[in-house]
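In what follows, a single structure is set out as C-alpha cells and then discussed.
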Number of protein chains: 2
Amino acid sequence: MKYLLTHKTHPTVEEIYDALHDEIATLSKTTIYNTLKLFVEKGAAAQLNIEDKCVHFDGDISTHAHFMCQRCGTIYDIFPSKMPIIEDFASLQFGAHNVQNVQLNLIGICERCMKNKNKESKQK
Amino acid sequence: MKYLLTHKTHPTVEEIYDALHDEIATLSKTTIYNTLKLFVEKGAAAQLNIEDKCVHFDGDISTHAHFMCQRCGTIYDIFPSKMPIIEDFASLQFGAHNVQNVQLNLIGICERCMKNKNKESKQK
DNA sequence: AATACGATTTGATATGATTACAAATTTACA
DNA sequence: TGTAAATTTGTAATCATATCAAATCGTATT
C-alpha cells in the first residue's frame, strides 16, 4: 500500500514485484495478487482495465480519469481541476441499475511520443 | 462483421467462435482474433477493456458508454439520448496529448440482478 | 481447364498473466 | 513457550491471446 501511495505510476503486479523484491526478498507474486485484490474489494485501491495486456493499479481513489499512451504505455492522471467535467461523470446514474464504479479512460499518443514521432519522420 | 452488427451483446472471441462455428465449420479462433484486431485498427469495431478476464468487441462505433453488471456479466449500451453528457466525452482534449479514443465504463449491479438479490435475501 | 502465385485461413504450439492450493512461515495470544 | 489461526509462499494449473509455418483459397493468366 505504501508503494502504491508513493508511486503514482499505476504499476502492474510485475512492476510492484520487481520494485519490492529487493527490500522484501521473500515477497511472492501471489501475495501481491492477493493483497491488491483485497485492496480493490475494500475500496482502498482502484483497478484499471485500460489495457488488454495486463491490469494496472492506482492507490489514488479520488475522482479522476486516465490517459494512456499507446506508444510508451505511460498512464497519466487527469484530475477534475484540469478537466472539470470529470466531476460530472463520477456521479452518473443509469436507470434503476446500481452503479458502483465509473471509469473514464482516454487513449492516444502522449505529447512526448508525438514529438519523437515528428523527429523520426523528419529524419526520413 | 455481420455477426458483430447483428448481435449487440459485446461478444468475446470465445462467444463469436461458439456462435459461428456451426455455420462456418472450418472457422478458427486465430482468424477471429486476426479479423477483430484488423477491425479495431481500422476503426470498424471497438474493443472494450471493461473486464480484466477477457476483451469484448462492439460493432457499434458511435459515441456511447457501457455499463457492465459484475454479477451476470451483461454489458449494456448507454446512448447519448439517455445520458446527454456522453456526447461531451467524444471531444475531450487533454493538453497537447493526442486523444484518439475515449471509453466511459460504468460498473455495478444491473436492475435484474438487484431484484434477484433482494429475493435471495428475503428467502433467508 | 490447368497452372501459378499472392492472400487468407488454419491449427498446433508458445507465451504470459492470473489463479488454485497445499505447504511453510509468521503472528497473536494463552 | 506452546499452540492455533492467519498470512505468505512457491509450484503447478488455467486460460486468453500471440506466433508461425503449413494448408487452403482466390484470382489472373495461359
Side-chain angles (χ1 to χ4, degrees), chain A residues 1-5 7 9-59 66 68-75 101 103 105 107, chain B residues 1-5 7 9-59 66 68-75 101 103 105 107:
Chain A
M1 192 73 221
K2 194 196 289 180
Y3 183 84
L4 268 189
L5 291 174
H7 296 78
T9 54
H10 316 89
T12 63
V13 166
E14 194 72 29
E15 285 163 357
I16 297 174
Y17 179 76
D18 290 344
L20 297 185
H21 194 61
D22 287 337
E23 31 176 330
I24 310 170
T26 64
L27 186 68
S28 81
K29 277 190 197 172
T30 300
T31 300
I32 300 177
Y33 275 105
N34 291 340
T35 308
L36 285 172
K37 193 178 179 182
L38 199 65
F39 288 168
V40 172
E41 279 169 12
K42 300 299 182 187
Q47 177 178 322
L48 308 184
N49 298 327
I50 193 170
E51 195 189 13
D52 52 3
K53 293 165 219 300
C54 60
V55 169
H56 295 259
F57 294 90
D58 192 345
H66 295 99
M68 176 171 211
C69 177
Q70 286 176 314
R71 187 165 265 236
C72 66
T74 305
I75 297 177
N101 186 13
Q103 295 210 5
N105 299 325
I107 297 108
Chain B
M1 194 71 221
K2 194 197 289 179
Y3 183 83
L4 268 189
L5 290 174
H7 295 80
T9 53
H10 315 91
T12 63
V13 167
E14 194 72 27
E15 285 163 357
I16 297 174
Y17 179 77
D18 290 345
L20 297 185
H21 193 61
D22 286 338
E23 31 175 332
I24 310 169
T26 64
L27 186 68
S28 80
K29 277 191 196 173
T30 298
T31 301
I32 300 177
Y33 276 105
N34 291 340
T35 308
L36 285 172
K37 194 178 180 182
L38 199 66
F39 288 169
V40 171
E41 280 170 11
K42 300 299 182 187
Q47 176 177 321
L48 308 184
N49 297 327
I50 193 169
E51 196 187 12
D52 51 4
K53 294 166 219 302
C54 60
V55 169
H56 295 259
F57 294 90
D58 192 345
H66 295 100
M68 176 172 211
C69 177
Q70 287 176 315
R71 188 165 265 235
C72 66
T74 305
I75 296 176
N101 185 13
Q103 295 210 2
N105 298 325
I107 297 109

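Throughout, protein chains are lettered first and strands after them, A, B, ... in sequence-line order, and every chain is numbered starting at 1.
- With rounding to the nearest 0.5 angstrom, the CD1 atom of A:I24 is 11.0 Å from the OH atom of A:Y17.
- Atom CD of A:E51 and atom CG of B:N49 lie 8.0 Å apart (nearest 0.5 Å).
- In this structure, SG in A:C54 is found 11.0 Å from CG in B:D52, a value given to the nearest 0.5 Å.
- Rounded to 10°, the angle separating the first-five-pair axis and the last-five-pair axis of the helix from C:dA1-D:dT30 to C:dA30-D:dT1 equals 10°.
- Applying the side-chain contact (heavy atoms from CB on, under 4.5 Å) criterion to B:E15, with sequence neighbours excluded, gives B:P11, B:T12.
- One distance of note links NE2 of A:H10 with CG of A:D58; it measures 4.0 Å at 0.5 Å rounding.
- Here D:dC20 presents its P atom at 13 Å from CG of B:N34, a figure rounded to the nearest Å.
- To the nearest angstrom, C1' of D:dT7 lies 13 Å from CZ of A:F39.
- A:C72 and A:C69 make their closest contact through N-SG, 3.4 Å (heavy atoms, listed as atom of the first residue, atom of the second, distance).
- For the side-chain contact (heavy atoms from CB on, under 4.5 Å) test, residues two or more places apart in sequence or in another chain that qualify with A:H7 are A:Y3, A:T9.
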Report each atom pair, protein N/O against N/O of nucleotides 14-17 of chain D, whose distance is under 3.5 angstrom.
residue, atom, partner, partner atom, Å
D:dT17, OP1, B:V55, N, 3.1
D:dT17, OP2, B:Y33, OH, 3.0
D:dT17, O5', B:Y33, OH, 3.4

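- Side-chain N or O atoms of B:T35 include one that pairs as donor or acceptor with a backbone N or O of B:T31 at under 3.5 Å.
- Straight-line distance from the NZ atom of A:K37 to the P atom of D:dT8: 15 Å, rounded to whole Å.
- Within the structure, every side-chain polar atom (N or O) of A:T31 is placed at least 4.0 Å from both OP1 and OP2 of D:dT8.
- Among residues two or more places apart in sequence or in another chain, the side-chain contact (heavy atoms from CB on, under 4.5 Å) test is passed with A:F57 by A:L4, A:V13, A:L36, A:V40, A:Q47, A:V55.
- Listed pair A:T26 / D:dT9 meets the phosphate criterion, a side-chain N or O lying under 4.0 Å from OP1 or OP2.
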Intermediate values then yes/no, side-chain contact (heavy atoms from CB on, under 4.5 Å), A:H56 and A:M68: CA-CA 11 Å; A:H56 295 259; A:M68 176 171 211; 4.3 Å; yes

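- Running 5' to 3' along DNA chain C, contacts with non-hydrogen atoms of chain A at under 4.0 Å begin and end at C:dA17 to C:dC21.
- Between A:I32 atom CD1 and D:dT7 atom C1' the separation is 15 Å, expressed in whole Å.
- A donor-acceptor pair is defined here as one N or O able to donate and one able to accept, closer than 3.5 Å; no such pair exists between the side chain of A:N105 and the backbone of A:H66.
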